[in-house]
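Okay, so here's the structure we're looking at.
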Number of protein chains: 2
Amino acid sequence: MNEHTPIRVLLVDDHPLVRDGISSRLQEEPHIEVVGQAGNGREAIARAHELCPDVVLMDITMPVMDGLEATRRFKAELPEVRVLILSMHDDQEYIVKLMHDGANGYVLKDVSSDELIKAIEAVHQGSTYFSAGASQSLFNNFHGRPGGHEPVLTRREETVLRLIAEGQCNKDIARSLNISVRTVETHRQNIKGKLDIHTAAGLARYAIEHKLVAL
Amino acid sequence: MNEHTPIRVLLVDDHPLVRDGISSRLQEEPHIEVVGQAGNGREAIARAHELCPDVVLMDITMPVMDGLEATRRFKAELPEVRVLILSMHDDQEYIVKLMHDGANGYVLKDVSSDELIKAIEAVHQGSTYFSAGASQSLFNNFHGRPGGHEPVLTRREETVLRLIAEGQCNKDIARSLNISVRTVETHRQNIKGKLDIHTAAGLARYAIEHKLVAL
DNA sequence: ATTCAACTCCGTATTACTGCGTATTTTTCC
DNA sequence: GGAAAAATACGCAGTAATACGGAGTTGAAT
């Protein structure tokens, strides 16, 4: 990297304390300059237009506009800006979506600040950076199970699962979907078989975890 | 506060990056010294025994041992240590529980680092500190509903609910808690009565919604 | 036209859970 | 120390869900 012009970083996280902290740590590095901060995606884009940062270090979960949407906007409006995602969640689904939307790297919040700095340098140079946990996830997802070990539910099964997770009993579900209770039972059985989950509560948990239902 | 002996702070958060950041920021204050860090509650207690910090700055959600349990342990084993909770969630239930367990303050992660420093100073002096959002919550909780329309589960019921939401069946729960299946059934019954929820899936949903279980 | 997966429905036997009741022992609190 | 709340335990009739099994229909693949 160029020692004479520091890497200009825009910090985006909805927690000022976390921003302040990371900012404070990054300022210790002479070749990195935190040129601004933002508390959500919309702010981030506005500030980026003013500040022309090299790298945007962005959290995913934020109010107003989250990291996913913001990444899309960045790639549309300011494609020259490198987007480095900083997330708490080692979540394949997120990672895949984000990379698809043009993010240049993904770093878990449980890395050291040294590794974060390496990541910033890497994406600034044009590389793509994944922290250890994240790349592991991706690898598993793409290569580990070609057929997809993730049991995939059919559309109908997913619908039924959603209703179960909403707290409806089989009778209610049958009425909702205009099918017989027996059919609902069969779906339920098949779902449990596929997911290897054997209680209704477990199914609800699964559904929420996989974002089939909102809370 | 005494300018000659800095406030000794132990930083507890499961994200090294967040720890590093906050640590870096706190070190800028001459009257505060970060004497150590820990990644979960158990580590925190071990380190506290070695380091004798004045203030423990602790996250709630952590692996191995979370902030709630850790706070209880601190108050039992090291009552002279002041515990300042640092949380992302402006959640009445958490706050009430924590204060009951002896925490000395509660700061949301969306405060500025300046306010965090004030909070550390306050609890070190023996005061109790709430960040703006948190105290607002408490106020609402105590005054808004005198009778308390929110159905409150007992500790045991909460435990049972947690296990249900984790997908265990009554038999498993009974074994886990060393009580009879009938008793679990009774708890389940009482929980459903209090919450007016009538399916296991609904209970799981409730538990997740109210952060009794992690996903 | 055949094949396949998804969706639908059912029988039977078993197990799990519900709803309602009661009762004893701890804990907690004043 | 005594009242109140919580936790524990049990009975029992009834309902819901599970775990097996089998089977007919439909629509898309092509």
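Reminder, nothing fancy here: chain letters follow the sequence lines and each chain counts from 1.
- For DNA chain C, the neighbouring residues in residues 181-190 of chain B, judged by any heavy atom under 4.0 Å, are B/Glu185, B/Arg188, B/Gln189.
- Rounded to whole angstrom, the span from the CD1 atom of B/Ile197 across to the P atom of C/dC17 amounts to 17 Å.
- At a threshold of 4.0 Å, the pair B/Asp20-A/Lys109 does not count as salt-bridged, since none of the basic side-chain nitrogens sits closer than that to a carboxylate oxygen.
- Ion pair A/Lys118/A/Glu115 not flagged as a salt bridge, since none of the NZ, NE, NH1 or NH2 atoms sits closer than 4.0 Å to an Asp/Glu carboxylate oxygen.
- Distance check, rounded to the nearest 0.5 Å: CG of B/Asn40 to OG1 of B/Thr61 gives 12.0 Å.
- At least one side-chain nitrogen or oxygen of B/His198 sits closer than 4.0 Å to the OP1 or OP2 atom of C/dG19.
- Annotation for B/Tyr106 and B/Ser87: closest pair OH-OG, 3.2 Å, computed over non-hydrogen atoms.
- Taking every heavy atom of both residues into account, A/Ser24 and B/Ser24 meet most closely at OG-OG, 3.2 Å.
- Comment: A/Asp13 does not engage A/Arg19 in a salt bridge, judged by the lack of any side-chain N to carboxylate O separation of less than 4.0 angstrom.
- Under 4.0 angstrom from either OP1 or OP2 of D/dT8 there lies no side-chain N or O belonging to B/Ser180.
- Contacts between residues 155-179 of chain A and DNA chain C, defined by a heavy-atom separation below 4.0 Å, involve A/Arg155, A/Arg156, A/Ile179, listed by number.
- The residues A/Glu158 and A/Arg155 are annotated as not salt-bridged, no charged nitrogen and carboxylate oxygen being separated by less than 4.0 angstrom.
- Between B/Glu69 and B/Arg73 there is a salt bridge, since at least one side-chain N of the basic residue sits less than 4.0 Å from a carboxylate O of the acidic one.
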